[in-house]
Amino acid sequence: MNVDLAGRTALVTGGGGGIGRACALRLAAAGATVVVVDRNVEAAKQVAAEAGGRAEGVDLADPAAVDALDADVDIVVNNAGLQHVAPLQDFPVERFEYIQRVMVEAPFLLIRRALPHMYARGWGRIVNISSVHGLRASPYKAAYVSAKHALEGLSKVVALEGAAHGVTANCINPAYVRTALVESQIADQSTAHGIPESEVIEKIMLARAAVKRLIEPEEVAELLAYLCSPPAGFLTGASIALDGGWTAN
């Protein structure tokens with residue numbers, strides 16, 4: 001769709017690849033100046049070069065590094081995330097804590113710092129790349145499911161507080177997207193479920209979906225573009241399942 005974001009600045013976390021890269025490029029195509037944030041600074045620089053924006057190499061688990069980012073932005077896309085697959089009794093505590101810092105605390109800090117700028121301009125868009133796992137649970141993903149559920153709650157609070165200031169906050173809830181994160185899970189899921197890797201996509205990842213394919217990152221980015229458009233100004237506090245019918249079960 002045709003979206004004009006000229007004069008807007010967008011910050012995209014986890015922008016060095018996958019969904020984040022697609023989002024950064026889509027926002028740039030709409031005319032926004034894009035800040036690409038990623039722990040992998042070289043990947044961030046590459047995407048920033050493609051988008052005509054700038055790159056920031058930041059580990060979002062470090063609150064001080066997050067607070068050092070320029071928060072005078074009109075659009076915040078909280079996309080960065082990671083996965084760890086293990087039975088709950090074996091789940092490493094330090095890994096659980098790290099995932100919460102990256103996927104819950106960092107979005108909170110970024111939103112908290114960006115809101116004054118958005119309020120002053122009377123316009124802002126917070127788009128949180130959540131997951132079907134923000135709406136449903138799966139075994140062996142305690143940290144990821146917990147983090148995504150927390151992000152859902154945070155998004156709704158921001159929607160309620162920001163409405164009077166022209167700021168919307170929404171979650172996009174994809175099922176399995178064709179990204180490096182998903183590909184890396186295949187071996188872990190194979191071990192956890194005791195099935196060959198060749199069966200993981202069909203029997204685990206797509207078992208509940210009506211549309212039997214992985215989602216492309218660009219499909220997520222197009223929904224993001226809509227959420228930043230004028231027709232979406234009344235849409236806030238929502239969780240939009242982009243899941244091929246996964247949550248219809």
Side-chain angles (χ1 to χ4, degrees), residues 1-15 18-37 47 51 53 71-81 103-104 106-108 110-115 117-119 121-135 148-175 177 179 215-244 246-247:
M1 65 178 296
N2 185 22
V3 181
D4 183 4
L5 295 174
R8 306 293 189 188
T9 300
L11 184 149
V12 181
T13 68
I19 295 172
R21 175 181 181 275
C23 289
L25 295 180
R26 182 63 182 90
L27 293 172
T33 299
V34 181
V35 181
V36 181
V37 178
V47 175
D72 286 345
V73 296
D74 307 293
I75 299 166
V76 172
V77 182
N78 287 306
N79 164 74
M103 296 171 59
V104 182
F108 163 74
L110 286 170
I111 293 169
R112 178 178 178 273
R113 294 184 61 242
L115 285 179
H117 171 83
M118 294 180 180
Y119 287 0
R121 298 194 68 176
W123 191 95
R125 295 291 183 265
I126 307 294
V127 182
N128 300 303
I129 307 301
S130 182
S131 166
V132 291
H133 285 110
L135 306 173
K148 292 300 187 183
H149 274 69
L151 187 63
E152 295 282 328
L154 174 63
S155 186
K156 289 176 172 60
V157 172
V158 176
L160 296 177
E161 294 188 13
H165 305 277
V167 176
T168 66
N170 293 287
C171 288
I172 298 176
N173 300 74
V177 183
T179 64
I215 303 161
E216 300 300 330
E218 291 74 19
E219 293 176 288
V220 181
E222 197 61 31
L223 179 52
L224 162 68
Y226 170 71
L227 291 174
C228 294
S229 72
F234 198 73
L235 180 58
T236 194
S239 299
I240 305 171
L242 186 65
D243 64 356
W246 201 93
T247 54

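Hydrogens, waters and symmetry mates are skipped; everything else that's a heavy atom, side chains included, is used.
- A distance of 8.5 Å separates CD1 in I75 from OG1 in T9, rounded to the nearest 0.5 Å.
- Side-chain atoms of L235 and N170, non-hydrogen and from C-beta on, do get closer than 4.5 Å to each other.
- To the nearest 0.5 angstrom, L27 atom CG is 5.5 Å from C228 atom SG.
- Note: M118 CE to R125 CZ = 9.5 Å, rounded to the nearest 0.5 Å.
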For H117 and W123: C-alpha separation, side-chain torsions, deciding distance, then whether ring pair (Phe, Tyr, Trp, His ring centres under 6.0 Å) applies. CA-CA 9 Å; H117 171 83; W123 191 95; over 10 Å; no
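- Applying the salt bridge (Lys or Arg N to Asp or Glu O under 4.0 Å) rule to pairs touching residues 226-240 yields nothing, sequence neighbours excluded.
- The two residues V220 and P174 come nearest to each other via the heavy atoms CG2-CG, 4.2 Å.
- At distances below 3.5 Å, at least one donor-acceptor pair connects side-chain atoms of T13 with backbone N or O atoms of N79.
- Under the side-chain hydrogen bond (donor to acceptor under 3.5 Å, both in side chains) criterion, T179 pairs with no residue at all, not counting sequence neighbours.
- Within the 4.5 Å cutoff, side-chain heavy atoms of V37 are placed close to those of L11.
- Rounded to the nearest 0.5 angstrom, F108 CZ and N78 CG are separated by 12.0 Å.
- Looking at heavy atoms from C-beta onward, V3 lies in side-chain contact with L5 at the 4.5 angstrom threshold.
- Of the inter-residue distances, the one linking C23 atom SG with I129 atom CD1 reads 4.5 Å to the nearest 0.5 angstrom.
- For the atom pair M103 CE and L151 CG, the distance stands at 7.5 Å (nearest 0.5 Å).
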If you apply the rule side chain to side chain donor-acceptor pair (under 3.5 Å), what do you find for S155 with N128, and how did you get there? CA-CA 7 Å; S155 186; N128 300 303; 3.2 Å; yes
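- The shortest distance between side-chain heavy atoms of L154 and V104 does not fall below 4.5 Å.
- Scanning all heavy atoms of the two residues, the minimum distance from L242 to I215 falls at O-CD1, 2.9 Å.
- When the ring-ring contact (aromatic ring centres under 6.0 Å, His included) test is applied to Y119, the partners found at least two apart in sequence or on another chain are H165.
- Minimum interatomic distance between T168 and G233 (heavy atoms only, all atoms of both residues): CG2-O, 3.7 Å.
- Residue pairs meeting the salt bridge (Lys or Arg N to Asp or Glu O under 4.0 Å) criterion with at least one member in residues 21-35, sequence neighbours excluded: R21-E50, R26-E222.
- Judged by distance alone, with hydrogens and angles left aside, the side-chain atoms of N173 form a donor-acceptor pair with the main-chain N or O of S131 at under 3.5 Å.
- Looking at every heavy atom in both residues, G14 comes nearest to A80 through N-CB, 3.6 Å.
- A salt bridge links D74 to R121: at least one charged side-chain nitrogen sits closer than 4.0 Å to a carboxylate oxygen.
- Nearest heavy-atom pair across V158 and A169 is CG1-CB, 3.7 Å.
- Test V167, I126, V157 against I111 for side chain to side chain contact (heavy atoms under 4.5 Å, CB included) and you get one pass: I126.
- Sorted by first and then second residue, the side-chain hydrogen bond (donor to acceptor under 3.5 Å, both in side chains) pairs involving residues 227-240 (not counting sequence neighbours) are E152-S239, K156-S239.
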Acceptor/donor pairs from residues 28-36 side chains to any protein atom, 3.5 angstrom cut, sequence neighbours excluded:
none

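- Here the shortest heavy-atom pairing between V76 and A114 reads CG2-CB, 3.9 Å.
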